Number of protein chains: 2
Amino acid sequence: MATATQDKTIDSQASSQAGERLSLSLWLQLMKCTKEIEAGVGGRLRKVHSQSLARFDVLSQLHRFAGDWVAVGEIAGRVMASSGNITALVDRMVAEDLIVRRASPDDRRSHQLRMTDKGAALFADMTDDHARWVDAALDGIADKDKERLIALLVEVRRAFEATTTIQIKGPAPGSGPEQES
Amino acid sequence: MATATQDKTIDSQASSQAGERLSLSLWLQLMKCTKEIEAGVGGRLRKVHSQSLARFDVLSQLHRFAGDWVAVGEIAGRVMASSGNITALVDRMVAEDLIVRRASPDDRRSHQLRMTDKGAALFADMTDDHARWVDAALDGIADKDKERLIALLVEVRRAFEATTTIQIKGPAPGSGPEQES
DNA sequence: GTTATTTATTTAACATGTAAGATATTTACA
DNA sequence: TGTAAATATCTTACATGTTAAATAAATAAC
């Protein structure tokens with residue numbers, strides 16, 4: 001009584017399970033890789049410059065708009081920080097005179113940020129060290145492998161973004177009301 | 001996400017080479033990939049199960065020793081948490097009856113952890129969802145590419161550990177915790 | 001032209017991360 | 001044996017992340 005339909009179902013289920021295990025492995029390795037390097041690089045950044053990776057991110061985003069004022073939300077989005085957390089981070093950086101905040105002249109809801117000279121100088125220092133550390137951490141990997149990895153990771157990100165804008169399939173346990181997205 | 005640095009000082013520094021820029025790009029993609037997927041998967045874990053990825057990590061490590069008591073430090077090491085932060089995390093999980101803590105019978109300095117039935121049940125639920133979510137997030141990536149990525153990421157981790165173990169005193173990481181995949 | 005919605009940010013409460021130092025215990029050794 | 005060093009954990013202080021709700025201003029609707 002194995003109809004074609006049932007065969008197809010079984011087949012797709014089996015392959016789905018194998019693929020699921022592969023996905024988990026990939027996810028695990030991705031996490032381990034990132035966390036280990038992040039811990040190493042972030043630790044050095046903290047020890048040598050007393051700054052976190054988050055602050056480095058903020059500075060590097062401001063650097064890309066060198067001289068211009070940038071809205072807080074603009075920075076928060078680019079650093080993947082929620083609007084809720086950026087406030088305290090910016091506060092501390094302002095207190096340390098790394099950046100300046102002012103009310104937007106155009107939109108009175110909005111505030112803007114810009115690097116100070118001190119922030120720019122610190123950023124220049126950090127950038128240099130950061131590039132060296134990352135390069136040292138990835139020493140031993142062939143350039144071709146790096147290129148291959150970069151290409152694959154970009155592809156992963158693209159695939160991820162494509163699938164998460166849609167409803168997640170899933171056997172829909174028939175229980176909870178699915179939402180989100 | 002450690003954005004930053006794809007275009008900055010390289011042109012002004014003749015000593016910076018293509019390899020360094022490649023390393024930075026790789027680092028950037030690694031961070032972006034992990035953070036995006038982590039945000040997606042972690043967000044769902046939080047919404048559906050009201051648990052964080054850190055808690056999920058703790059439970060999955062305890063699960064590997066199913067039934068046995070495991071030292072707090074053992075868990076902290078495997079989930080890459082410092083001894084300082086694991087305390088509060090464990091406290092909250094104990095308060096929620098997901099795990100139990102007792103003084104070690106062998107070593108009076110040491111404390112041990114074990115999952116409760118409630119914790120085990122929750123873990124089973126989460127594991128199932130987690131596997132599906134990750135698989136959905138990585139849908140669209142060919143199995144061969146996943147395998148290639150896994151292999152490359154393992155290589156990166158190995159290279160990273162090789163270059164950063166040098167300055168650490170002691171023979172510690174030689175027989176470090178071997179992880180599965 | 002008042003009312004409702006959206007947008008930009010802050011506030012609040014809390015979970016999780018780090019480092020430094022305290023405490024207790026085991027271990028090594030002169 | 002007594003003392004120093006290593007080990008395992010906790011405490012404290014604080015940086016950073018999350019969500020939800022509050023505030024304020026711009027925008028849209030009637």
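Sequence lines set the chain letters: A, B, ... in the order given, protein chains first and strands last, and positions in each chain run from 1. Everything quoted here is computed from the prediction, not taken from an experiment.
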Q: Output yes when B:Arg101 and B:Asp91 qualify as a salt bridge under the 4.0 Å nitrogen-oxygen rule, no when they do not.
A: yes
Q | Residues from residues 106-116 of chain A lying under 4.0 Å of DNA chain D - heavy atoms | A | A:Asp107, A:Arg108, A:Arg109
Q) Whole Å only: how far is the CZ atom of B:Arg55 from the C1' atom of C:dT16? A) 10 Å
Q: For A:Glu96 and D:dT16, give me the distance from atom CD to atom C1', rounded to whole Å.
A: 14 Å
Please write out the pairs of protein N or O atoms and N or O atoms of nucleotides 17-19 of chain C separated by less than 3.5 Å, giving the distance to one decimal.
{"unit_1": "C:dT18", "atom_1": "OP2", "unit_2": "B:Ser82", "atom_2": "OG", "d": "3.4"}
{"unit_1": "C:dT18", "atom_1": "O4'", "unit_2": "A:Arg46", "atom_2": "NH1", "d": "3.4"}

**Q.** Short side-chain N/O contact from B:Ser52 to OP1 or OP2 of C:dA15, under 4.0 Å
**A.** no
**Q.** Gap between atoms CG and P, on A:Asp91 and C:dT9 respectively (whole Å)
**A.** 13 Å
Q. Are A:Val156 and B:Asp145 close enough that some pair of their side-chain heavy atoms sits under 4.5 Å apart?
A. no
Q. What's the CD1-C1' distance between B:Ile75 and D:dT9, to the nearest Å?
A. 14 Å
(Q) Whole angstroms only, please: what is the CE-P distance between A:Met93 and D:dC14? (A) 20 Å
Q | Pairing residues for A:Asp135 by the side-chain contact (heavy atoms from CB on, under 4.5 Å) criterion, not counting sequence neighbours | A | A:Lys146, B:Glu20, B:Ser23
Q) How would you label the contact of A:Ala71 with the nucleic acid (heavy atoms, under 4.0 Å): base, sugar-phosphate, or nothing? A) sugar-phosphate
**Q.** Heavy atoms from other residues, nucleotides or ligands near CG of B:Asp68 exceed 12 (cutoff 6.0 Å)
**A.** yes
Q. Going by atom types alone, do A:Thr34 and B:Thr34 pair a side-chain donor with an acceptor below 3.5 Å?
A. yes
(Q) Please give me the minimum heavy-atom distance between B:Ile141 and A:Ala159, naming the atom from each residue. (A) CD1-CB, 3.8 Å
Q) With distance as the sole test, does B:Ser104 use its side chain to make a donor-acceptor pair with the main-chain N or O of B:His111 at under 3.5 Å? A) no
Q: Take atom CG of A:Leu53 and atom P of C:dT16, then tell me their distance rounded to the nearest Å.
A: 21 Å
**Q.** Atom-to-atom span, CZ of B:Phe56 to C1' of C:dT16 - whole angstrom
**A.** 18 Å
Q | NZ/NE/NH1/NH2 to OD/OE distance under 4.0 Å, A:Glu96 and A:Arg92 | A | no
Q: Determine whether the side chains of A:His49 and A:Asp129 contain a donor N or O and an acceptor N or O closer than 3.5 Å.
A: yes
Q) In whole angstroms, how far is the P atom of C:dT9 from the CZ atom of A:Arg102? A) 13 Å
